[in-house]
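Following: one structure in structure tokens, then a few remarks.
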Amino acid sequence: MAGSDLRTTIGTLEIAPCVFNASGPLSTRDEELWALAESDAGAVVLKSATLEPRAGNPEPRLWRDSLRGTSLNSNGLCNLGCEGHARQVERLRAEFGKPVIASIAGLSAQDYPAMAERLGRVASAIEVNLSCPNIPGKPQMAFDLEAARSVLKAVRRSTRCDLWVKLPPYQDRAMVEAMAQLLLDVGVQAAVCINSPSGLEIDFETEQTRIHPNGGMGGAGGRDILRIARWNIRQFFLALAGKVDVVGVGGVYSGLDLYGHLLCGAGAVEVGTSYLEEGPKIFGRLKRELHEVLAERGVPGIAAKIGALRVAPVEA
Ligand code: RRO
């Protein structure tokens, strides 16, 4: 069982095992990051940084239901600021052998290249977050192709570090193709699918929203988003045709969920809400369960299974 090969390559990075945390949950404070680095996670991804530190949106801003395996957040980019993140990345890389991915989310277009230049000097890769759903008055850049093109080109010019681009869930094939073409034109290393779909949760006892910011609306995570993530991973895997890697995120609670993202085309998988629930020991569990899934199928490693999903044949 322990023999199957869970190593993967995303851009220029070798990552083992192919599962690690999604940016956001438990990825800001030193204790959280050091626990991730010490866990079985294949890499460490930091919370998205802005140029300056931010306190984020007013509470309550995070709701979760562990029985249903679901969450809704409007954290509002609470983070330690670019310089604080750069120092954490440097220390993590000096202490541990695993890749450390810095995430950036500018409040304006000019912030992105400045942060990429700074963090690109220390990080293993930069995840460019074009899809934060929770900043009042700020549209998601990934839904404005021209704005996204100009930001990604400026970021590409500012650093030689690998670039991963965190995308929102799309619901339309034409939009996927246009974004995939942009990623190919700019020359990034990975598409990360998906950030949280917009959602709303109701407390029926009080007939109030579960969270406060943005009229109670935020980004959904957990089991509900598994199929939306699969659709996006598959679409980007097909549209990028092996020239840019795909990292899958969304709804993974088990080794089989993880395996499903690999079949759809993810070369690696990030976990958010389930990691928030279970803490860093989830990576050991998912690793064990993925070994079991592969052993049951007699598969020696994940490599041959990435994107190997087959379409059901027409019934005779
Ligand atoms: O901080 C947030 O509110 C947040 C971010 Br930056 C993001 O990318 N996705 C999300 O669900 N929440």
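Whatever order the structure lists them in is the order used to number ligands and atoms, beginning at 1. When a residue number appears, it is its place in the shown sequence, counting from 1.
Atom numbering of ligand 1 starts at 1 in the shown order; those under 4.0 Å from a heavy atom of Asn195 are 7 (C), 8 (O), 9 (N), 10 (C), 11 (O). Heavy-atom proximity to Asn129, at under 4.0 Å, picks out these atoms of ligand 1: 6 (Br), 7 (C), 8 (O). Those atoms of ligand 1 with a heavy atom of Ser196 less than 4.0 angstrom away are 9 (N), 10 (C), 11 (O).
Of the N or O atoms in Ser74, none lie within a sub-3.5 Å distance of an N or O in ligand 1.
Partner of Asn129 under the side-chain hydrogen bond (donor to acceptor under 3.5 Å, both in side chains) criterion, out of Ser48, Ser103, Ser23: Ser48 alone. The side chain to side chain contact (heavy atoms under 4.5 Å, CB included) test with Val44 is passed by exactly one of Arg93, Gln88, Lys98, Glu38: Lys98.
Using a 4.0 Å heavy-atom cutoff, Gly76 is listed among the residues neighbouring ligand 1. At a 4.0 Å cut-off, at least one heavy atom of Lys47 sits close enough to ligand 1 to count as contact.
Criterion: ILVMFWY side-chain heavy atoms under 4.5 Å apart, direct or through other members. Under it, Ile202 and Trp63 are not part of a common hydrophobic cluster.
With a 6.0 Å radius and a threshold of 12 heavy atoms from other residues, nucleotides or ligands, Glu14 has its CD atom at or below the threshold. Sparse packing is recorded around CZ of Arg7, with 12 or fewer heavy atoms of other residues, nucleotides or ligands lying under 6.0 Å away.
When all heavy atoms of Val244 and Ala191 are compared, the closest pair comes out as CG1-N, 3.9 Å.
Residue contacts with ligand 1, taken as heavy atom pairs separated by less than 4.0 Å, involve Asn134 solely via side-chain atoms from C-beta onward. Contacts between Pro133 and ligand 1, counted as non-hydrogen atom pairs separated by less than 4.0 Å, involve the side chain only. The parts of Leu77 lying near ligand 1 are both backbone and side chain, judged by heavy-atom distances below 4.0 Å.
A perpendicular orientation is assigned to the rings of Phe96 and Trp34, their planes being inclined by more than 60° (bins at 30° and 60°).
Nearest protein heavy-atom neighbour of atom 12 (N) of ligand 1: Asn73 OD1, 2.9 Å. Nearest protein heavy-atom neighbour of atom 6 (Br) of ligand 1: Cys132 SG, 3.2 Å.
Under the 4.0 Å criterion applied to side-chain N and carboxylate O atoms, Glu289 and Arg285 are assigned as salt-bridge partners.
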